[in-house]
Every structure is written in C-alpha cells, then in structure tokens.
Protein chains: 2
Amino acid sequence: MSLQLSVDRSSPVPLYFQLSQQLEAAIERGSLTPGSLLGNEIELAGRLGLSRPTVRQAIQSLVDKGLLVRRRGVGTQVVHSQVKRPLELSSLYDDLEAAGQKPETRVLANTLVPASAEVAAALGVGEGEEVHRVERLRLTHGDPVAYLCNHLPTGLLPLDTERLEATGLYRLMRAAGITLHSARQSVGARAATAEEDERLAEPAGAPLLTMQRTTFDDTGRPVEFGSHTYRASRYSFEFQLLVRP
Amino acid sequence: MSLQLSVDRSSPVPLYFQLSQQLEAAIERGSLTPGSLLGNEIELAGRLGLSRPTVRQAIQSLVDKGLLVRRRGVGTQVVHSQVKRPLELSSLYDDLEAAGQKPETRVLANTLVPASAEVAAALGVGEGEEVHRVERLRLTHGDPVAYLCNHLPTGLLPLDTERLEATGLYRLMRAAGITLHSARQSVGARAATAEEDERLAEPAGAPLLTMQRTTFDDTGRPVEFGSHTYRASRYSFEFQLLVRP
DNA sequence: TAGTGGTCTAGACCACTAA
DNA sequence: TAGTGGTCTAGACCACTAC
C-alpha cells in the first residue's frame, strides 16, 4: 500500500503535526483501512527522514484522538472506524450549524442583575454583586429548540445584543481572547412549567431536557454559568467518548 | 517551597510516571497551590537526575488531565482547582457506588433473542441473528433509579444472572478481558409510558431521562448496545469535560 | 527468536513572554 | 535581554507478542 507521505521542512508547521494530519487524512478517506497495520516507527522515521520521537509524537496524537491503537509486540493499527468526534465543550449554536440547521437567536433579555446565591456560588462572586444576565431563545426554521439563560462576570467581554444574535456565546468569548479550559455539566430532565411551555411552544407539562454548566478559563476562573432547557422532542445530546487508558 | 520529589530507578514503574504521580499527589493535598509555578523543566530535570524529555512527559500527562497549564515564555502553572474528574465511560453501578449509594440490581430478564433492526445495526450483526438481551432494574435503598436494557453479541462473555446482580456490566466485561475503547451516546428526555411508570414507580407521564449507548472495544467491534431510562427525579448526569487544545 | 512499541538520554535550536 | 516552553535529533536498552 505504501501511502504518499512527506514533510516540508521549510514550513513553520511542526513536522509531527504535518505527519499526523496526513495520517488522519489517509484514515479519513480510506487509504488506511481499519485494522491495517501502520508499519513500524523506525521504518516510518527512516522513510520520512525524521527521528523516531518525532514520528512517535505524531502517532501518539492520533492515539489520543482514538483513531489508532498501539500494541506492544504487534504494531499500530487503525481503529475500526466508528470514532468520529469525541466529546467537546460544544456550543449549541455550533452543533446546530454543523447539522446544517441554520440556528437563529432571539435575545429576550440582556441586563445587569445582582447575583443570586446559586449564580454567586458558580461564578465565585459575592451574593448580590452585579453580573451579566443573558436570556436567549434558540430557533431553527423559526421553531424554538432551547431556552438559554446565562450569567457572566462583568468586565469580561462586551455583550451587545447585536453580536449575541449573530453568533454563539462561546465564539464571542474566544474572540475576546478567553481560553476556555474546562466545564462542569449536569444534564437532567423535568416537566415544563407553564411559563416554559409557552416560551418553547410545547404542550403543558411536556418533558424538557435540562443542562446546567459552569465554564472555566485556563486560569481556573469561572467565566460563565448557564441554565438551559431544551425541547426534548427536538433535541438530544449526541457525543462520543473515549476510555482513557 | 521546594517540594519533596524523588524517583526510584530500581522500580519497574516508569520514571515519568513516578514523577507525575508525585506531582499529582502534591496538587491533591495542596502542597502545590493553584496558580503557583512549577519551576522550569531543565532545573527540575537536573534536580531529579532525569533528562528533560522524561520530565516533559510527566508534566504533559498532567496537562492532559487538566491539572496543569503550560504557557510558553511564562512557565507551568497549577490550574485553579475545579477540575476533579473528566468525563469517563462510566457505569451507573460505579457512579452510584462512588456516591456511597450501595446500588442493587434486579435482573428482570436474561435471554437470547433475535436481533431487531435497531439492535442489529448497532451491534453489526444480521437482523434476526441471536443476541443476548439483559433487562435490569437498578435501585438504591430499595427504590428504583433506572431501567437498563442491554443487548450484547453472543459468545463474548458469560452472563449469568448471579454475577449481573452482584456488580455492573462494565466490570464483568473488563474482567472477561475486553478492552473498552469508546462509546457513542445519545442523551434525551421523554414522558414515561404506562409500563415504564409502573416499573420505575413514577406517576403517569413523568419525565424520564433516556440514554442510548453503543460501546466498542479497541478493535472497533461493538460489544454492547444499551437503552436506559432514568427517573429524572432521582438521577442526572454529572460530568466535567476538558477543552482539547 | 525476531520484531514491535515503551522508555530514556544528552544534547540542540527556535518562538514566545515579560521586564 | 533573559527565561520559558515547543520542537527535534540520533542514538540506547527493555518488555512484550507472535512464531
């Protein structure tokens, strides 16, 4: 099979990254078939004019992504497909867009409010301290999918209604130079209240999917606390996860 | 602060792993406080009599776990806590046990059945082919929490009712030498049917949390397909996730 | 026994950050 | 400018697997 692999040493892109991208592309388009062996690291390094650690680094990044499996004494094999996208800290906006759904956002409220006890605890601010409160309705094809209520610390990023209606909150945060690091999530279900029924255009007492999430940046500072309710009839969480070895 | 670090070269435990364990323990018990710098890699390597790549490997594993953050030109810092346990392929049994809930299992059915179209597609077998079907009720303190229905390929592992009532399915699979690799999950909500109401002791039409999951081993072979329903009043999914850099 | 990945070393140069 | 992490090399020995 041999496979066309090469690296460009004049490129600013790291060599291991060039290699891992080419291998991933080969797996994606089926040039490297599931179950096939990759050939040993030494030979691969020699063929590309790279050192073994560099080749290992490229392979390791694909192992971490779940695309390859290494077995001592055996070799490196392509996993039998199935793995597409491991769980990410995803934005509903991006998820819907990726599904070709053309998400729309209607900002219901965008104000400063004193933090409730729950919000204060999540964001690590004093109770009653001023925080941003954003309420949004997310729709596709004019139909509501979810009601999103978020609280954010003040002074973190500009939150004008216009930008909130044009894109997702996470994109705004990244654009403002915030490096998202981790999030704590809780997913549950409950019956809708009368108010929620109306907002989401569901019959009385309909089951709702709920999510609460606190997101942290890479300094460990809470940057967002969200309470979301999804129409169970129109949305479910889909994700893939890897077993950490 | 300096910190007591040392490695045992006569141990079969890899040096990078010894170091990462000690660093993790130091973070856990607070000897390394959030936000504090770790000291540069060269100096750390010299102090321990290790090479820099080995020290980097130790640090990298903790970065992957979300405990440390590296910034070029700045240094390596301990993340401001909050990160405890990233999302794993978890078993409800283990989750309940970890929460001190003493889970019990009641096996409702444990039979061989012909695969339905849905099950056949998930497990990659022919429709109508024989597969295991296991129905269980999971309880804590005598109260039902979830109804679990799983399908498995035949010949994979022995599934006696006795063992199923003593522990979780994933533990049985691991004990049978199956290396779990990844899973595809879908989490949603819906109103309970009359049959489910009765099984889970909920009022008519109560909201239920649902999960469907297909689990794969490290060869990419599907090893389990589960359809679970949880009492929303008694259970929610809690997890932490990291942004992949 | 032969071949694989797992670990480890002792250097090197570069890119980025902060003062 | 000084110090940090990011990348890379060319070797070495070991543990495990399959034959």
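First the proteins, then the strands, lettered A, B, ... as listed; each starts at 1.
Two residues, A:Glu41 and B:Arg71, neighbour DNA chain C, and the one matched to the more 5' nucleotide by heavy-atom proximity is A:Glu41. In terms of position along DNA chain C, the nucleotide closest to A:Gly73 lies nearer the 5' end than the nucleotide closest to the other residue of the pair A:Gly73 and A:Arg52. Each of A:Gln57 and A:Pro53 was assigned the nucleotide of DNA chain D with the nearest heavy atom; the assignment lying further toward the 5' end belongs to A:Gln57.
With hydrogens and angles disregarded, no donor-acceptor distance shorter than 3.5 Å links the side chain of A:His80 to the backbone of B:Arg221. Between the side chain of B:Gln240 and the main chain of A:Ser182, no donor-acceptor pair closer than 3.5 Å is present.
For the pair B:Glu24 and B:Lys65, the minimum side-chain heavy-atom distance is below 4.5 Å. No side-chain heavy atom of B:Thr154 sits under 4.5 Å from any side-chain heavy atom of B:Glu129.
Taken residue by residue, residues 7-17 of chain B places heavy atoms nearer than 4.0 Å to DNA chain C at B:Arg9, B:Pro14, B:Leu15, B:Tyr16.
For the side chain to side chain contact (heavy atoms under 4.5 Å, CB included) with A:Met173, the qualifying choice from A:Ile178, A:Asp217, A:Thr179 is A:Ile178, the only one to do so. When each of B:Leu164, B:Leu148, B:Leu92, B:Thr105 is paired with B:Leu169, the side chain to side chain contact (heavy atoms under 4.5 Å, CB included) condition holds for B:Leu164 and for no other.
A:Arg56 comes within contact range of at least one nucleobase, with a heavy-atom separation under 4.0 Å.
With the 3.5 Å cutoff on both pairing distances, Watson-Crick and G-U pairs in DNA chain D assemble into runs of at least 3 at C:1-18 with D:1-18.
For A:Phe237, the ring-ring contact (aromatic ring centres under 6.0 Å, His included) partners are A:Tyr230, A:Tyr235, not counting sequence neighbours. For the salt bridge (charged side-chain N to carboxylate O under 4.0 Å, His left out) test, residues two or more places apart in sequence or in another chain that qualify with A:Arg71 are B:Asp218.
Legend: salt bridge (Lys or Arg N to Asp or Glu O under 4.0 Å) pairs involving residues 165-183 of chain B, not counting sequence neighbours, sorted by first then second residue: B:Asp94-B:Arg171, B:Glu97-B:Arg171.
Side-chain contact, A:Gln60 with B:Gln60: no donor N or O sits under 3.5 Å from an acceptor N or O.
First and last contacting nucleotides of DNA chain D toward chain B (any atom under 4.0 angstrom from a heavy atom, 5' to 3' order): D:dG3 to D:dT7.
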